[in-house]
4 protein chains.
Amino acid sequence: MNASAPRPAARRRRTDAKRNEDALLEAAASVFAASGVDAPVREVAAAAGVGVATLYRHFPTRSDLVVAVYRHQVDACADAGPALLASEASPFAAILRWVHLYVDFLGTKHGLARVWEGDPDGFTALHRLIVDRLVPVLTDMLAEARASAEVVAPITAYQLIRAVGDLVAFNPPDPQYDVRRIVTLLVSGLRQQQPHP
Amino acid sequence: MNASAPRPAARRRRTDAKRNEDALLEAAASVFAASGVDAPVREVAAAAGVGVATLYRHFPTRSDLVVAVYRHQVDACADAGPALLASEASPFAAILRWVHLYVDFLGTKHGLARVWEGDPDGFTALHRLIVDRLVPVLTDMLAEARASAEVVAPITAYQLIRAVGDLVAFNPPDPQYDVRRIVTLLVSGLRQQQPHP
Amino acid sequence: MNASAPRPAARRRRTDAKRNEDALLEAAASVFAASGVDAPVREVAAAAGVGVATLYRHFPTRSDLVVAVYRHQVDACADAGPALLASEASPFAAILRWVHLYVDFLGTKHGLARVWEGDPDGFTALHRLIVDRLVPVLTDMLAEARASAEVVAPITAYQLIRAVGDLVAFNPPDPQYDVRRIVTLLVSGLRQQQPHP
Amino acid sequence: MNASAPRPAARRRRTDAKRNEDALLEAAASVFAASGVDAPVREVAAAAGVGVATLYRHFPTRSDLVVAVYRHQVDACADAGPALLASEASPFAAILRWVHLYVDFLGTKHGLARVWEGDPDGFTALHRLIVDRLVPVLTDMLAEARASAEVVAPITAYQLIRAVGDLVAFNPPDPQYDVRRIVTLLVSGLRQQQPHP
DNA sequence: AATGAATGAGCATTCATTCAT
DNA sequence: AATGAATGAATGCTCATTCAT
């Protein structure tokens, strides 16, 4: 036995634990989609087929769980920004596509709007994650779009991301109300000089 | 017994009841502003100086209370539509002003975003109230703005009102995030042909 | 109807509420005796035949309940001090009798020792009650006993009361260990000059 | 296999196990002092740098751990009895000194009062240890003191040891309440004929 | 019509103990 | 022999709603 080959027992234990963590993440994603991020922790644990304490072991606070659930998607979204800038016909087109990717990410996650409140309990971590990863990406895209004069409205990336979050957060798929259309409306406003209300 | 001369006792009864109802409405408005529309009913009853059961008598569901609290403001908002259409420089300008009046109304009411969810428990009534009173007003304003080609985006009044609600609902005054600026951005998008995302 | 004859409904309500409160006090006394003052609140509520929330209504914190349970007995104990001073053959005899009344009061109350810890959660109120009501009584008795030279040890009433509490707190009736005998031993030490350990 | 030459592997195993046990004892002593003997077992295991199951292997019950932690000190205390009898000026002086050694031992161990309860869960073992080791020592000392008529109160060693335990158990250092003074008061009572309460 | 006491379900969290590796 | 992940029962507390007076 040597350092590069850990004992099977140890590795297996970790494998099982990882399996549980994955099950929790899947369960949480599903439960959050169905019942919002405020769903009872017991419900998540039950959906994952584990005890509540197991959930607490892996994710000591609800915030940790929420962040873990969304981190992958946030990362993918962040990575897509530069790619779209390169592939789309114009910076504005890239922004529009990127914002819709962000909408995909926010998807069905009810209750996520609380992320933007200064909630001391929970959502600080997710708030930070989004701000840290997505705001810089969109900031760059907006800068390019301004350089080409496609975007003229004095809106920051933070404001736009937060607004989209609000628009999506509480809207499950609804034939009467197509979120994408509204998000497109919002983004298209970037091309307008802003009137005085 | 005849309608024009109720017995003094009965009249007194009604007077007291009205007084209670008014106290409840004031209390609810204040509590909702401070703690959101999810605030405990006891808190509202206590603020009004009445028992909880009295609250329930007047407003059997939370939804009824919410509606009653906001009906006056909704009415005022509805009435302002035609007036703005007459006084502002253009239909678009009128729409912009009117939407900001609506923002004023939504103002400090945390948690109001749930109005748009298909919440069976509450909010159905407020949803209906807003749809019944405000959507027609904004529909007319949009029609005029389209007639003058100021507005070209294919957005319905319902969609716009709902979007503004989402944008405002969870955002207490925050120096980092000025809701009005975002709402203006959204409205200014009405003047743009909508791109395909 | 006049002020001296409240409406039957109101009075009856209060009567019922009082009945519940009494039931809770009895239940708490019994449960505390059996399982200590740390016993689950649910257990007390169940023993009283009421819901937990009813318990919380009457006694918002555990501390409140504990104090309420013991207040009557503390009062009785306090009142007995001067009476014993008058009736017993000597101040020392009165002290001895009084301390044993205090032992009766502490009786079977397991877990009560925590009263003396600086427990921020709970017992501050009971601690204060005992200090406020009993310490002055015993202080007077000790003063008289010192005046007649029966008591010479430099011990304060607070120290003695606390010591007796410790001796009794965790000792349910046990044939192997008679608390009264030990308490008597402690009190009889008051007549001795204290040696240097 | 023979006793005088164990295989190196086996010896190594035992060495490791011993190391773990020592680490656990040190950790437990420290944790018990800081958080009382009720401290979570995980805390002890973590402080020792081992898994909880390792703790359970070495000390199947909390009681076992408590006893192991305190055995050395109990032994030292027991040994001091005869020595003091020889060195002090009188049997009573020896008793007083010895009891204060016992107080030193009980020292910072919060929650130890439960030792005297008939706790089926834990503490039985520590109870037995103290009874087995210390009671005989104090019994001898009391016998000598009675022989010289210094002690006249009919108290057993068991009762005295238990009383001192109760007095010390829940009293962390507190300027308002000096345990040693009270213990001295108790011991000095031994020189008094006991009054009838 | 008004009261407010009572209810009990619901939720977050902790901890002792077991067990597969 | 050691590990530490998993378990789930236990507990404190809150809140919407009902109901007898």
Side-chain angles (χ1 to χ4, degrees), chain A residues 7-21 38-43 45-46 48-58 60-62 121, chain B residues 9-10 12-14 16-17 20-21 38-43 45-46 49-58 60-62 121-122, chain C residues 7-21 38-43 45-46 48-58 60-62 121, chain D residues 9-10 12-14 16-17 20-21 38-43 45-46 49-58 60-62 121-122:
Chain A
R7 286 179 306 136
R11 171 160 285 290
R12 176 57 174 283
R13 172 55 63 188
R14 278 185 83 153
T15 301
D16 285 359
K18 186 70 172 67
R19 195 187 312 280
N20 264 345
E21 191 168 314
D38 282 330
V41 289
R42 305 176 105 84
E43 202 175 313
V50 304
V52 277
T54 301
L55 189 160
Y56 275 98
R57 165 178 288 274
H58 288 284
T61 73
R62 180 189 295 271
D121 297 338
Chain B
R12 173 58 174 285
R13 199 59 92 168
R14 281 184 80 152
D16 284 0
N20 268 346
E21 192 167 314
D38 282 329
V41 288
R42 313 181 81 89
E43 203 174 313
V50 304
V52 277
T54 302
L55 188 160
Y56 275 97
R57 166 173 296 276
H58 287 285
T61 72
R62 180 189 294 270
D121 297 338
Chain C
R7 285 180 305 136
R11 172 161 284 290
R12 174 60 174 280
R13 173 55 62 188
R14 279 185 82 152
T15 303
D16 284 0
K18 186 71 171 65
R19 196 188 312 279
N20 264 346
E21 190 167 315
D38 282 330
V41 288
R42 300 173 116 84
E43 202 175 315
V50 305
V52 278
T54 301
L55 189 158
Y56 276 98
R57 165 178 288 275
H58 288 283
T61 73
R62 181 188 295 271
D121 297 338
Chain D
R12 174 58 176 284
R13 198 61 91 170
R14 281 185 80 152
D16 285 358
N20 269 344
E21 192 168 314
D38 283 329
V41 288
R42 314 181 79 90
E43 204 174 312
V50 305
V52 277
T54 302
L55 188 159
Y56 275 96
R57 167 172 295 275
H58 288 285
T61 73
R62 181 189 294 270
D121 297 339

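Hydrogens, waters and symmetry mates are skipped; everything else that's a heavy atom, side chains included, is used. All figures in this text were calculated on a predicted structure; none of them were measured in a lab. Convention: sequence-line order gives letters A, B, ...; per-chain numbering from 1.
Expressed to the nearest 0.5 Å, how far CZ of C:Arg62 lies from CG of C:Leu55 amounts to 9.5 Å.
Residue contacts shown for A:Val50 are limited to sugar-phosphate atoms, with no base heavy atom under 4.0 Å away. Residue D:Val52 is in base contact, counting any heavy-atom pair closer than 4.0 Å across all strands shown.
Taking only side-chain atoms of A:Val41, from C-beta outward, the nucleotide of E:dT13, E:dA5, F:dT3 with the closest atom is E:dT13. For D:Tyr56, taking side-chain heavy atoms from C-beta onward, the closest of the listed nucleotides E:dT7, F:dT3, E:dT17 is E:dT17. Distance from the side chain of A:Asn20 is smallest to F:dA6 among F:dA6, E:dA12, F:dC19.
You'll find a donor-acceptor pair under 3.5 Å spanning the side chain of C:Arg42 and the base of F:dG12, going by distance alone.
Nearest-nucleotide mapping onto DNA chain E: of B:Gly49 and C:Ala53, the residue sitting toward the 5' end is B:Gly49. Mapping B:His58 and A:Pro40 onto DNA chain E by nearest heavy atom places B:His58 closer to the 5' end of the strand.
Computed from coordinates, the C:Leu55 CG to F:dT11 P distance equals 15 Å when rounded to whole Å. Nucleotide E:dC15 holds its P atom 10 Å from the CZ atom of D:Arg62, rounded to whole Å. Rounded to a whole Å, the CZ atom of A:Arg19 is 11 Å from the P atom of F:dA6.
Residue A:Thr54 places at least one side-chain N or O under 4.0 Å from the OP1 or OP2 atom of F:dT7. Residue C:Arg57 places none of its side-chain N or O atoms closer than 4.0 Å to OP1 or OP2 of E:dG4.
Applying the Watson-Crick and G-U wobble criteria (two distances, each under 3.5 Å), E:dT21 pairs with F:dA2.
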